[in-house]
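Chain letters run A, B, ... following the sequence lines, proteins first and then strands; every chain starts at 1.
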Protein chains: 2
Amino acid sequence: MISISQLSEDFDVTTRTIRYYEEIGLLSPERTDGNRRMYSNKDIARLKLIVRGKKYGFNLDEIKEMIVLFDKDRSGKAQMKKTITYGKKKLEEVNERIEELQQMKTEMEVLLWEFENRLRNE
Amino acid sequence: MISISQLSEDFDVTTRTIRYYEEIGLLSPERTDGNRRMYSNKDIARLKLIVRGKKYGFNLDEIKEMIVLFDKDRSGKAQMKKTITYGKKKLEEVNERIEELQQMKTEMEVLLWEFENRLRNE
DNA sequence: TGTAGCATTGACGTTAACGTAAACTGCAAG
DNA sequence: CTTGCAGTTTACGTTAACGTCAATGCTACA
């Protein structure tokens, strides 16, 4: 259990941002007697997911959907089947992004190679 | 050479967005006698870069920097060396994103596998 | 027990990346 | 010629994702 300032430091995001994520339902930390937020390992894992998701260009609504997927406390066959279907779809998206990024990487490498050659031959 | 509406259709972005990219210096199409924008293959390649960049979570300022890299009309040894250095840095960033995305993919796969197992064993 | 230093909840401000509407222009078809 | 569509500029509007500030509440520590 850590405080909001600790969490803020650990992940390099402002406390405002963390509170905002709570505001829109992405986090729901416990409170102390004095009403201070206390973050569990589960909360920490969630924030990690959020921060990473943002880095890949997902917006907070999309991330919210993914959190549901990563939230392991689900039961009922129907619910689980839905989760699996949705998860596979998201996995496909991630796959596509990886492939495109790899293509981009290749293009950049070719370009750099060309530049280095031109530099050598002049 | 294609029109703005053609370009808009081809890339599934609005004409407003295309004009905005021009406004901030990401595109600079030629004009016809009647002042209409005409987009060359080079412009089209740029827009492709922009759209793709956005998808990966780069903002337009970062994309602007990358466009400079992908712009092949550079000369002078010093300039080229700078470009190569900068390009390698960007390549590193792309590499990192790929690796993190792959880690994320693995996690999702594990999770889905667990779900499917639970579904089978109940 | 006082006080420095985090924490809390509003509430309004800001910025990037467009959306939208208005007023105007150029061109092709009937 | 005019009708109508596609394009142009200008300018104000919008939304997500926070930033910032004010007023107030805990709480550890000298």
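Note that B:Arg46 lies outside the cation-pi zone of B:Tyr39, set by a 6.0 Å cut-off to the ring centre and a 45° limit from the axis. Seen from the ring of B:Phe58, B:Arg97 counts as a face-on cation partner, given the 6.0 Å and 45° thresholds.
Between atom CG of residue B:Leu26 and atom CE of residue B:Met66 there is a gap of 12.5 Å, rounded to the nearest 0.5 Å.
Atom CG of B:Leu7 is separated from atom C1' of D:dA6 by 15 Å (rounded to the nearest Å). In this structure, B:Ile18 atom CD1 and D:dA6 atom P are separated by 15 Å, rounded to whole Å. Protein atom CD1 of B:Ile4 is 9 Å distant from nucleotide atom P of D:dT9, rounded to whole Å. In this structure, CE of A:Met38 is placed 10 Å from P of C:dT8, rounded to the nearest angstrom. Here the C1' atom of nucleotide D:dT10 and the CD atom of B:Glu22 are 15 Å apart, to the nearest Å.
Remark: side-chain polar atoms of A:Ser8 are paired, donor with acceptor, to backbone N or O of A:Val13 under 3.5 angstrom. Put simply, the side chain of B:Gln6 never gets that close to the backbone of B:Ser3: no donor and acceptor are under 3.5 Å apart.
With respect to the salt-bridge test (charged N to carboxylate O, under 4.0 angstrom), the residues A:Glu99 and B:Lys105 do not qualify. Of the charged side-chain nitrogens involved, none lies within less than 4.0 Å of a carboxylate oxygen, so that B:Glu100 and A:Arg52 do not count as a salt-bridged pair. A salt bridge links B:Glu22 to B:Arg37: one of the charged nitrogens lies within less than 4.0 Å of a carboxylate oxygen.
Phosphate proximity of D:dT8 to B:Arg19: present, with a side-chain N or O under 4.0 Å from OP1 or OP2.
Here the side chains of A:Asp10 and A:Leu47 are not in contact, with every heavy-atom distance at 4.5 Å or above. Side-chain contact between A:Lys54 and A:Glu62: absent, with no pair of heavy atoms (C-beta onward) separated by less than 4.5 Å.
For B:Leu27 against B:Asp43, the heavy-atom pair with the smallest separation is CD2-O, 3.8 Å.
Using a 4.0 Å heavy-atom criterion, one finds that A:Ser3 contacts the sugar-phosphate atoms exclusively.
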Atom pairs under 3.5 Å, N or O on each side, protein against nucleotides 13-21 of chain D: can you list them with distances?
from   : atom 1 : to      : atom 2 : distance (Å)
D:dA17 : OP1    : A:Leu60 : N      : 3.2
D:dC18 : OP2    : A:Tyr21 : OH     : 2.7
D:dC18 : OP2    : A:Lys54 : NZ     : 3.2
D:dG19 : OP2    : A:Thr14 : OG1    : 2.5
D:dG19 : OP2    : A:Thr17 : OG1    : 3.3
D:dG19 : N7     : A:Arg16 : NE     : 3.2
D:dG19 : O6     : A:Arg16 : NH2    : 3.2
D:dT20 : O4     : A:Arg16 : NE     : 3.1

When you compare the protein's N or O atoms with those of nucleotides 24-28 of chain C, which come within less than 3.5 Å of each other, and at what distance?
none

Considering only nitrogen or oxygen atoms on both sides, find all protein atoms under 3.5 Å from nucleotides 28-30 of chain D and state each distance.
none

